[in-house]
Protein chains: 2
Amino acid sequence: MPSDQTRSAILAAAERLYADRGFGDVTLRDIVAEANVNLAAVNYHFGSKDELIAELFVTRSIQTNRERLNELKAAEEKGGGRAAIEDIMRALVGPTLRGCLGPDREGSTAARFMIRASIESVPPIRRIKNREVDHLRKFAAAMRRAMPGRDDTELYWGLHFALAMAHHTIREKERLLRLSEGKCDLDDVRAIIDRVVTVTVMALTMGEVPASKPARPAVMHGRLTRQDL
Amino acid sequence: MPSDQTRSAILAAAERLYADRGFGDVTLRDIVAEANVNLAAVNYHFGSKDELIAELFVTRSIQTNRERLNELKAAEEKGGGRAAIEDIMRALVGPTLRGCLGPDREGSTAARFMIRASIESVPPIRRIKNREVDHLRKFAAAMRRAMPGRDDTELYWGLHFALAMAHHTIREKERLLRLSEGKCDLDDVRAIIDRVVTVTVMALTMGEVPASKPARPAVMHGRLTRQDL
DNA sequence: GATAGTTTCATACATATGTTTGAAAAGCAA
DNA sequence: TTGCTTTTCAAACATATGTATGAAACTATC
């Protein structure tokens, strides 16, 4: 039975330091000092610095992906096998935004680490992100089921823009805060998710020829009540 | 009269190498080898590696910002002092997207450099980006003039989302291409700009109580013909 | 409690990399 | 030319940093 203690201490210390100071500024020596373990322990337990970073990122990514898929599944069950498009988008951006924003999240090391990973984009993390496409395909498939008539291209652009708004909000939240002089409330995560979802669904249904009634813009800050999808 | 030759050679070589291989993989020795100058020349002419990177980025940023402001000014003159919101957004995202996307841009070192800068986010560049807020305020002001009744918060979110979609498209164009299996045409820059602008204007006018006629979704891939702004 | 496997530790290794230096070369004005 | 400034150059510097090593400490099974 291997004593996980050292290993966990390294992981925790590394995540904390990377979250606080970024990947560029933190050395293995910083990490082992913080974790109170020997320098060689990192290579012993993880093989290399990059593998340590990769493990940190994979762990958090898996958590987010699992949350996403759980929400997607719930949405599909709710809709009797076919989830509503707004619920799909909510499942896509909700976990990430909830994980990285919000006032209580200031203390969450995991959240701050993921924000760093989103901003700095170091090689081992880039490699992992490239494999994320398979995960996104599941959402593309669900979207296709929700909007059967829609052209695939539109679906992909919608998915892409949803992630754009979510990730950019996380990446640039400081700038948005400064630009808006604090007027944009970045702690109200629920409202932000609503906003991103609403805009995305609008983009997705845009230009769609309505079956019977003409489409009209959804009301802000509330769930969309779309009639014919 | 200082011989600018060495200086320019360094700038050109650095931009080319950074564009091709990223900031993490290129050393000063790589750069001076490419430029056929002495290693010490970098510190002599620029002071430090970071200042070299900063100069590269500032130069390109100024170009983009100037293009943006020119387009904004043209839009305002066209509208008799008050630019239409879609023209403002077009002025905001157009130059960046045109600069970084498109088939002919593959060969453009400047474009590829800016994409790198957008992806890797190295410290000297981050510092410069933080000063970008002043520039964005000019667009916020123009938007406020175009949509006088609108709440400031909505304006900032619209501006933020427009940049989100533009930058994310540049950053993640490879992924979108793979996800969509080539279906999303990332070479048709004009269509992409239209798409981003359309979605943004939609987001901005969303929930707005129309003066007389009910707002309706704009037609895709064309200029918006909005009646009452 | 001896043996084998696992983990920890201090230390050394290698070396990549930005920066500095001091002299030589080139340019330029008088 | 002479003298001054600017630029180039080879070499050295400093040192941060990931990784490897080999012995010691620890753990568990028999």
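We name chains A, B, ... by the order of the sequence lines, and we start the count at 1 in each one.
Side-chain proximity of B:Asn43 to D:dA12, C:dT20, D:dG18: nearest is C:dT20. Distances from the side chain of B:Thr6 to the nucleotides D:dG18, D:dT7, C:dT6 place D:dT7 closest.
Here the rule is salt bridge (charged side-chain N to carboxylate O under 4.0 Å, His left out) with B:Asp87, and of B:Lys78, B:Arg145, B:Lys73 only B:Lys78 fits it.
Taking atom CG on B:Leu39 and atom P on D:dC13, their separation rounds to 15 Å, with Å as the unit. Straight-line distance from the NE2 atom of A:His45 to the P atom of C:dT7: 6 Å, rounded to whole Å. For the pair A:Glu51 CD and D:dG18 C1', the interatomic distance rounds to 13 Å; values are reported in whole Å. Atom CG in B:Asp4 sits roughly 15 Å away from atom P in D:dT6 (whole-Å rounding). B:Tyr44 places its OH atom 17 Å from the P atom of D:dA10, with the value rounded to the nearest Å. B:Leu28 has its CG atom 15 Å from the C1' atom of D:dC13, to the nearest Å. The distance from atom CD of A:Gln5 to atom C1' of C:dT6 is 15 Å, rounded to the nearest whole Å. Computed from coordinates, the B:Ile31 CD1 to C:dT19 P distance equals 11 Å when rounded to whole Å.
Of the two residues near DNA chain D, A:Asp30 and A:Gly47, the one whose nearest nucleotide lies more 5' is A:Asp30.
Using a cutoff of 4.0 Å between basic side-chain nitrogens and carboxylate oxygens, A:Asp50 and A:Arg127 are scored as salt-bridged.
Among the protein residues, A:Ala40 comes within range of the nucleic acid bases, having at least one heavy atom under 4.0 Å from a base atom.
With sequence neighbours excluded, the residues forming a salt bridge (charged side-chain N to carboxylate O under 4.0 Å, His left out) with A:Arg175 are A:Glu172, B:Glu132, listed by chain and number. Residues satisfying the side-chain hydrogen bond (donor to acceptor under 3.5 Å, both in side chains) test with A:Asn38, not counting sequence neighbours, are none.
With a 4.5 Å cut-off on side-chain heavy atoms, B:His168 and A:Phe161 do not count as touching. Here the side chains of A:Leu52 and A:Ile31 are in contact, with some heavy-atom distance below 4.5 Å.
Using a distance-only test at 3.5 Å, with no hydrogens or angles considered, a donor-acceptor pair links the side chain of A:Asp188 to the main chain of A:Ala191.
Of all the residues in residues 10-27 of chain A, not one reaches under 4.0 Å from DNA chain C with any non-hydrogen atom.
Residue-to-nucleotide contacts include a donor-acceptor pair under 3.5 Å from the side chain of B:Asn38 to the base of D:dA10.
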